[in-house]
Number of protein chains: 2
Amino acid sequence: MKEGPDIARIGMLFGDPARANMLTALMGGQALTATELAQAAGVTVQTASSHLSKLEEGGILAQRKQGRHRYFTLADAAAGALLENIMGFAASRGHLRHRPGPKDPALRKARVCYDHLAGDYGVRMLDSFVARGAIESDGENLTMTEDGRAELGTLGIDVASLTSSRRPVCKSCLDWSERRSHLAGTLGKALLAHFLENGWARRSDESRAVLFTPDGERKFLSLFPAG
Amino acid sequence: MKEGPDIARIGMLFGDPARANMLTALMGGQALTATELAQAAGVTVQTASSHLSKLEEGGILAQRKQGRHRYFTLADAAAGALLENIMGFAASRGHLRHRPGPKDPALRKARVCYDHLAGDYGVRMLDSFVARGAIESDGENLTMTEDGRAELGTLGIDVASLTSSRRPVCKSCLDWSERRSHLAGTLGKALLAHFLENGWARRSDESRAVLFTPDGERKFLSLFPAG
DNA sequence: AAGATGCTTCGGTTACGGTCGAAGTATGAA
DNA sequence: TTCATACTTCGACCGTAACCGAAGCATCTT
């Protein structure tokens with residue numbers, strides 16, 4: 001009837017509860033098999049298979065065959081960013097499944113959001129960067145300052161490599177549990193990777209929670225003091 | 001089942017063709033009546049009414065009673081931004097309704113995107129700003145420079161008032177016809193308003209097209225020379 | 001008051017899409 | 001080869017939601 005992007009098509013893809021559950025599970029950032037996703041969505045594998053092929057066809061998911069397994073991930077950073085966006089919008093309108101209360105305290109404290117840190121700790125980290133002038137915030141847009149570049153360099157993060165991709169270095173992402181922004185983008189990704197690699201924290205097996213070790217937590221809190 | 005934002009709910013709202021048509025029509029930025037939206041969606045008023053109440057309930061639309069009319073608009077800039085986001089994503093995956101060809105040349109040349117200028121002219125404007133250093137682009141994030149601030153001041157745009165709202169001043173928005181970014185945010189809005197107020201262009205009655213006058217076009221092109 | 005216009009609500013129909021059981025395909029293990 | 005695992009395809013069922021006609025409100029006009 002009209003020309004233009006087919007928003008109904010992708011809206012429909014996000015609009016089914018089973019598919020939404022799968023996508024939420026994939027926000028953990030790691031590749032999951034069809035069976036795992038079926039379990040996450042609470043449907044049988046046949047149903048999940050049907051959903052997964054639709055999501056792949058729609059360009060939201062990508063699959064990687066490995067032996068007799070098929071690992072599914074979000075197609076790219078753009079798909080993850082859109083998902084984050086929708087989550088933030090839904091949260092801002094109060095559209096939460098079940099209560100917004102502290103169901104799983106660990107999740108509210110620190111969790112993975114596709115490939116970066118979210119939750120209380122994620123928000124605190126961004127706040128801290130902004131407070132000390134390492135990142136400048138203009139309402140929504142974030143940019144790294146020279147001071148920030150230097151600080152991250154001493155922390156052992158290869159800042160130069162972050163700017164190589166076309167994905168933005170700093171990006172704000174609305175946190176649905178805190179209702180404030182945390183840090184996404186390649187820098188957000190690199191920081192989370194840094195915490196995990198240096199043993200400050202590890203990922204939970206069952207959920208998207210990020211579990212800090214006592215020592216890692218001490219380091220994190222001293223590096224990012226509360227405002 | 002799980003906690004978190006209810007992305008399925010808002011996905012479903014965007015996922016129906018009739019609703020998507022209405023939302024696309026509202027991307028024109030002006031308030032429309034239920035009857036007009038029904039026509040845009042190609043359904044009867046009863047059906048449209050049902051859709052509209054769902055969209056309002058979901059926080060995507062807001063309505064304003066005026067006499068026996070009810071004017072509907074996008075609820076706020078966040079709703080418009082999300083819609084743009086989805087449009088950009090859909091376009092990036094090639095999900096276009098009908099062909100991507102030049103169906104309506106005027107639309108591809110210049111059109112309204114919620115409240116700012118899109119299409120060839122919108123892309124050209126942003127490119128030009130970036131080329132002359134009035135706006136700095138960091139992949140996705142855009143920031144106005146001091147030079148830009150000065151230039152816009154002499155153009156007769158009240159730069160100070162742009163920064164007052166919580167909405168970002170400069171924001172990039174993926175253009176589905178050009179597949180490149182144009183300028184959104186309060187600055188994008190102010191610039192479009194400036195063009196319309198000063199008679200450089202006027203809005204088409206039937207579509208989202210922006211029609212430049214010969215004189216306005218000359219001014220626009222000299223102000224934003226092609227790269 | 002009576003009529004007209006704009007919109008919503010109600011009721012009933014219809015069609016599409018989500019669902020699962022059963023069967024089919026592919027890969028790996030024994 | 002034979003069996004087991006992981007996943008897809010097929011077919012049938014069923015529920016939901018989109019849809020419209022008719023009736024009901026609300027507001028403005030005359």
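In what follows, chains carry the letters A, B, and so on, assigned in the order in which the sequence lines appear, proteins first and then strands, with residues in each chain numbered from 1. Because only heavy atoms are used, hydrogens play no part in the values below, and waters and symmetry mates are left out as well, while side chains stay in.
Taking atom CZ on Phe72(B) and atom P on dG6(C), their separation rounds to 14 Å, with Å as the unit. Rounded to a whole Å, the OH atom of Tyr71(B) is 11 Å from the C1' atom of dG6(C). Atom CE of Met22(B) is separated from atom C1' of dC7(C) by 13 Å (rounded to the nearest Å). When the C1' atom of dC7(C) is taken as reference, atom CD of Gln39(B) falls 15 Å away, rounded to whole Å. Remark: C1' of dT8(D) and NZ of Lys54(A) are 14 Å apart, rounded to the nearest angstrom. Between the CG atom of Leu52(B) and the C1' atom of dT8(C) there is a distance of 11 Å, rounded to whole Å. For the pair Gln63(A) CD and dA6(D) P, the interatomic distance rounds to 16 Å; values are reported in whole Å. As rounded to whole Å, 10 Å separates atom P of dT9(D) from atom CD of Glu56(A).
In summary, the aromatic rings of Phe212(B) and Tyr121(B) are positioned with their centroids under 6.0 Å apart.
Under a 4.0 Å N-O distance rule, the pair Glu217(B)/Lys109(B) qualifies as a salt bridge. Between Arg111(A) and Asp120(A), none of the side-chain N atoms (NZ, or NE/NH1/NH2) sits under 4.0 Å from a carboxylate O, so this pair counts as no salt bridge. Salt bridge Asp127(A)/Arg180(A): present, at least one basic N to carboxylate O contact under 4.0 Å.
Ring geometry, Phe195(A) versus Trp200(A): the interplanar angle falls under 30°, so the pair is classed parallel (tilted spans 30 to 60°).
The phosphate of dG6(C) has neither OP1 nor OP2 within less than 4.0 Å of any side-chain N or O from Lys65(B). Distances shorter than 4.0 Å separate some side-chain N or O of Arg70(B) from OP1 or OP2 on dT8(C). OP1 and OP2 of dC19(D) both lie 4.0 Å or more from every side-chain N or O belonging to Thr44(B). An OP1 or OP2 oxygen of dT19(C) is reached within less than 4.0 angstrom by a side-chain nitrogen or oxygen of His51(A). Within the 4.0 Å cut-off from OP1 or OP2 of dA4(D), not a single side-chain nitrogen or oxygen of Arg68(A) is found. Checking the phosphate oxygens (OP1, OP2) of dT8(D), a side-chain nitrogen or oxygen of Ser49(A) falls inside 4.0 Å. In this model, the phosphate group of dC20(D) is approached by a side-chain N or O of Thr47(B) to a distance below 4.0 Å at OP1 or OP2.
Within 4.0 Å (heavy atoms only), Thr33(B) reaches sugar-phosphate atoms of the nucleic acid but no base atom.
Nearest-nucleotide positions on DNA chain C for Gln66(A) and Ala18(A) put Ala18(A) closer to the 5' end. Take the nearest nucleotide of DNA chain C for Gln46(A) and for Glu36(B): the residue whose nucleotide is more 5' is Glu36(B).
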